[in-house]
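Reckoned from all heavy atoms, side chains included, excluding hydrogens, waters and symmetry mates. Every chain is numbered from 1, with letters handed out A, B, ... down the list of sequences.
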Amino acid sequence: MSDNTATGAEAAAGREVPTDFIREAIKEDLRSGRFDRVHTRFPPEPNAYLHIGHAKAVWIDYGIALEFGGLFNLRFDDTNPLKEEQEFVDAIIEDVRWLGADWGDRLFFASDYFEQMYDWAVDLIKKGKAYVCDLSAEEVSATRGTLTEPGIESPYRNRSVEENLDLFARMRAGEFADGSRTLRAKIDMASPNVLMRDPIMYRILHTSHHRQGDKWCIYPTYDWAHGLEDSIEGVTHSLCSQEYEIHRPLYDWFLDELGIYHPRQIEFARLNMTYTVMSKRRFIELVNGGHVSGYDDPRLPTLAGLRRRGVTPEAIRDFCQKIGVAKRDSLVDVAIFEDCVREDLNRRAPRAMAVLDPIKVVLTNYPEGQTEEMDLVNNPEDPSTGTRRVPFGRELYIEREDFREEPPPKYYRLAPGREVRLRSAYFIRCDEVVKDAEGNVVELRCTYDPATRGGNAPDGRKVKATIHWLNVPTAVPAEIRLYDHLFLKPDPDDVAPGQDFTANLNPESLRVVRGFVEPGLSHAPAGARYQFERVGYFCADPDTEPGTPVFNRTATLRDTWAKIEKRGAG
RNA sequence: UGCCGGAUAGCUCAAUUGGCAGAGCGGCUGACUCUGGAUCAGCAGGUUCUAGGUUCGAGCCCUAGUCCGGCAGCCA
C-alpha cells in the first residue's frame, strides 16, 4: 500500500526495530528449521467494532510479517451465526485497511472452510477420537467437574464409530433440535486443564449464517475451528492474546490427531490503557446508556472513534511500536498515546488560528475601515507548505485566557499597560479595559505599533508573549467539541462497593464551545486536521457543513503555563 | 482450591542468552524561541517480588514461598 509500510521500510533500511519475545521465538524457529518462512493472520470475529487493542494485534501480526518478508492474512473467524453480522465485516475491513495493514488478495472467511472441517471431524470420529453426545448443555456443564475435581465421562462416550458417523451425518442433515446433541472430542475428563475434558467441537444451531445462509445447521466451536483455519491457510505463527494460552494444548491436540500441517500459537498480553475501557461489553453499555453518542464517539478507543477524533493511523502504529509486546499484564499510560498523537500531528497538521473563548480587542489607533492581509506560516515543521494570507483589521478577537486584568507572577501575556505580539501581525499594548454592569471584561482598547508589522520591532524591543487573533468581521463561527478523558480515574473499575464503572464517568469529557476560526477554514472538509495555534490539534467532524464547520479536539498542546499555574494554586 | 502464565525505575519495555542493570514516556531543572508549542541539555541512584541454593560471578539457572492475571460457554 501507500505510505503505511514504515515498519518494513525501517527494517529494510536497517534501522533499529525493537525486538520482543515473539520475534525472538520466530527467529529461533527459522534457525532451527521448524519453519522456513513467516505467515501471520489477524482473525477478528465480525461481532463488534475494532478498538486500539485490536490495532496492537494487527501491528504485531502485520508488522512481523513485514519484517520477516512474510505474508499476512485478514481472516474473519465467523463460526457463530448467533453473534455475527455483515455490518461488522465491512466495518472491520475498513478499519484494518485504514490502519495500513495490507493483506493483498488474502481476505478469508473461516466459514468457507466448513466443508473441510466437517470432513476432518469425520476423520476424528473414524479414529475413535470424537463422539456424538446427547447430554444437554446443563448436563455437560454439570459433568465437567471443577477446577480441583475431575469430570465424569459422558454415557455416550463409547458409542461405536458407525453410530457416531450416522448421528453426526444426521446432525448435519438437520434431524435434531438445537442443543439436543453435540460432537465432542474424546480426550480426558480428568485432565487438570478443564478445556481438555472432552470439549465440544460442533453444536446444533438452526440459524442462518451471514455468508453461508441456511447451508449449515451445525457450527464448529472456536477450539476446534481455529487451528484448522490456521493450518488450511499455511499460517506459521498464530499470534493471539494471552487468554488463549490455556487453549494451546487443545489447538495442538487437534492438529496432531489429524496429522495435518501444524502452525505455532504464541500468546501476548492484551492492551489496557488508563482512563478508558477496552471491551465490547463496556462499549455497548456506554452506547446504550447514552454516555457516548455511538461506537464512533471520539471519546471511545474504538478505531472508528479515534479516526473521528482526528488520530492518524501513523500515530497508532507508532504507539504500538513504543509499548512493545510482552506477556505480563500492563496498564499503559494514555499519556504515551497522546504523545504519539502530538508527535505525528505536529509534523503534518497545518497551523490555523482559532479563538475558542473570544474577547474583543479594538485597536484605537488603527484607521477605521482599513483592512490588510498578514502572511502566516502554514507549518513551521514543513516549509514546503508555504504561507497563507489572513485578514487583519481594527477589531479583533483574542482568547479570553490571554488577558489578565491583574496578571499573576510569571504570566507573560496581555494585561493593562503590557505589550504582546499578535502572531505574525503587530505588537499591541493594552490601554483600557471596558466592563459591563456586572464587572465582566467585554472589550480591550489597545494601540498597535505600525512599525512592528509582521511581528518584529525595528528598535529591537522584545515581548514575552505571542498570542493568536482573529479579525472580527471575517471570523467564521464554529462549533468546537472539546474532548477529555472519558473517565476520572486511571482505572475506571476503581469504584466504591455497589457502584459500577459508570460512576467514574467524567462529566466534562465533552464540552461544546462556540468559537471562531480563520476564514480559510469555513469549508474545511470532514477529516481535515489542523493545529489551532497555542490551543491544540483539531479535526473537522463529519457533522461539519460548509460555512458552519464543526471541529473535534484531537489533543491539547502541552501547556507549561497551565502546569505553572496549577502548581501555584496547589 | 487444580492447571497455565507473569513479576526489572511512577508507567511501558530492554539487558548481546551467566559478565559493571538501560531506553522511551511521565515528572523535575535549565537553555532557546514570533505557538509558555516544537526543539535541545541535565536530573532516576532501582532490596531486578521474597528466602535459600548452584557458580569466580545470577535479573537470567535450581528449590520453596508471596502477590497478580487467566481457565469450569454448545462465545471468540
Choosing from B:rU12, B:rU35, B:rA72, which nucleotide comes nearest the side chain of A:V332? B:rU12
Conformer about C1'-N of B:rG73 - syn within 90° of 0, anti elsewhere: syn
Any idea which of B:rC3, B:rU17, B:rC71 is nearest the A:E24 side chain? B:rU17
Which part of the nucleic acid does A:R413 contact within heavy-atom distance under 4.0 Å: base, sugar-phosphate only, or nothing? base
B:rC3 -> Watson-Crick or G-U wobble partner, both distances under 3.5 Å, gives B:rG70
Using a 4.0 Å heavy-atom cut-off, does A:P220 contact any base of the nucleic acid, only the sugar-phosphate backbone, or nothing at all? sugar-phosphate
Going by modelled atom types, is there a donor-acceptor pair between the base of B:rU35 and the side chain of A:R421 at under 3.5 Å? no
Is there a side-chain polar atom (N or O) of A:R248 under 4.0 Å from OP1 or OP2 of B:rG5? no
Is the shortest side-chain N to carboxylate O distance from A:K186 to A:D198 below 4.0 Å? no
Centroid separation A:F88 to A:Y49 less than 6.0 Å: yes
Measure from the side-chain heavy atoms of A:I336 and tell me the nearest of B:rA72, B:rA38, B:rC25. B:rC25
A:K322 side, atom NZ; A:F319 side, atom CZ - distance, nearest 0.5 Å: 10.0 Å
Base orientation of B:rU17, syn vs anti, 90° cut from 0: syn
When only distance counts, do a donor and an acceptor, one from the side chain of A:R534 and one from the base of B:rG36, lie under 3.5 Å apart? no
A:R203 and A:D178 ion-paired at < 4.0 Å: no
